[in-house]
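One structure is given below, encoded as C-alpha cells.
When reading the values below, keep in mind they use all heavy atoms of this one structure, side chains included, and skip hydrogens, waters and symmetry mates. The model shown is predicted, which means the values in this text are computed figures rather than measured ones.
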Amino acid sequence: MNGTASAPRLRVVVSGLSSDAHLWNLVFLQLLLEERGHDVSNLGNVTPDATIIGACRSRRPDLLVISSVNGHGRLDGLRLVRALRATSELAALPVVIGGKLGVDDRDHAEVTAQLAAAGYDAVFDDADEGGPDAALARFDDFLGALAALHRPGPAAGHAVTRPGAGPATAFPAPRLAVPAGAV
C-alpha cells in the first residue's frame, strides 16, 4: 500500500482528544502519513479542544485526523467537531476520527452515524469489521480522494477545494465507516 505517495502532498494535523492519554497511536499515524508523503503536525495526547482549534487556525491544514484509544472518542469527538464546525474559518476543513470510539457495547453504527452527522467526513471505528489491513486500504482511499482535490493556491501555497461549508455539506468522497485498529 503506497497510498497517496504520488498524489499532491497534504498538510495534516494529527491529535488525540482532551481525555485521551495514549500516544503511540498518534506516533503511528504521523509515521503512516509521512510515509505517504504528507507534511504532519502531531499535537500529541491529552490535547484540549481549544488547542486543536488554535492549531488548525494557525497551520491551515488540509486535513485534521483525530485518534481515540481510551473509548471516549464519541463524546470528546462530538464536542470537538461541533466546535470546529462552528468556527467559520474551519467549517469546511476535512476532519476524520478513528480508533476506539465507545467504552460500552453500544451500536457502533449509531456512533458512526452520530459522528458523521455532527460533521466528521470519515469515521474509522475499530469495532467495525475488516481488520487493520482493510482499515488502512480505506484510509488510503480517503487520503487519495482528498489529495485529488488538492491544488495550488495563491496565498497559502496550496488549498483544498471542498464544496459548501459546515457539517450539512458532505465531503465529496463518501463518508466512510472504517475499522481503525491500525489507523
Smallest separation among heavy atoms of [X] and [Y], with atom names:
X	Y	result
A83	I53	CB-CD1, 3.6 Å
V40	Q30	CG1-CG, 3.7 Å
L26	N42	O-ND2, 3.3 Å
L101	V123	CD1-CG1, 3.6 Å
V81	G119	CG2-C, 3.7 Å
N45	A21	ND2-O, 2.6 Å

Next on the checklist: I'd like to know if D121 pairs up with R85 as an ion pair, taking the criterion as any Lys NZ or Arg NE/NH1/NH2 lying under 4.0 Å from an Asp or Glu carboxylate oxygen.
Outcome noted: yes
Rounded to the nearest 0.5 Å, how far does [atom2] of [Y] lie from [atom1] of [X]?
X	Y	atom1	atom2	result
L90	R60	CG	CZ	6.5 Å
L29	S67	CG	OG	5.0 Å
I97	L80	CD1	CG	7.5 Å
L43	L17	CG	CG	11.0 Å

Item to check | Contacts of V96 that satisfy side-chain contact (heavy atoms from CB on, under 4.5 Å) - sequence neighbours left out | outcome: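 For V96 the side-chain contact (heavy atoms from CB on, under 4.5 Å) partners, ignoring immediate neighbours, are L63, V65, A122, F124, F139, F142.
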Checklist entry - Residues two or more places apart in sequence or in another chain: which of them pass side-chain contact (heavy atoms from CB on, under 4.5 Å) with V27? => result L23, W24, L31
Item to check | Residue pairs fulfilling salt bridge (Lys or Arg N to Asp or Glu O under 4.0 Å) with at least one residue in residues 45-55, sequence neighbours excluded | outcome: D49-R79
When you compare the side chain of [Y] with that of [X], does any pair of heavy atoms fall below 4.5 Å?
X	Y	result
H38	L10	yes
I52	I66	yes
S41	V13	yes
R36	L143	yes

Checklist entry - Excluding sequence neighbours, so at least two apart, what forms side-chain hydrogen bond (donor to acceptor under 3.5 Å, both in side chains) with R59? => result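 Testing R59 for side-chain hydrogen bond (donor to acceptor under 3.5 Å, both in side chains), a comparison that skips the adjacent residues, returns none.
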Next on the checklist: Going by the rule side-chain hydrogen bond (donor to acceptor under 3.5 Å, both in side chains), which residues pair with S19 if we only count those two or more places apart in sequence or in a different chain?
Outcome noted: N70, D76
Next on the checklist: Run the salt bridge (charged side-chain N to carboxylate O under 4.0 Å, His left out) test against E89 and tell me which residues pass, sequence neighbours left out.
Outcome noted: R57
Item to check | Side chain D20, main chain V69, donor-acceptor under 3.5 Å | outcome: yes
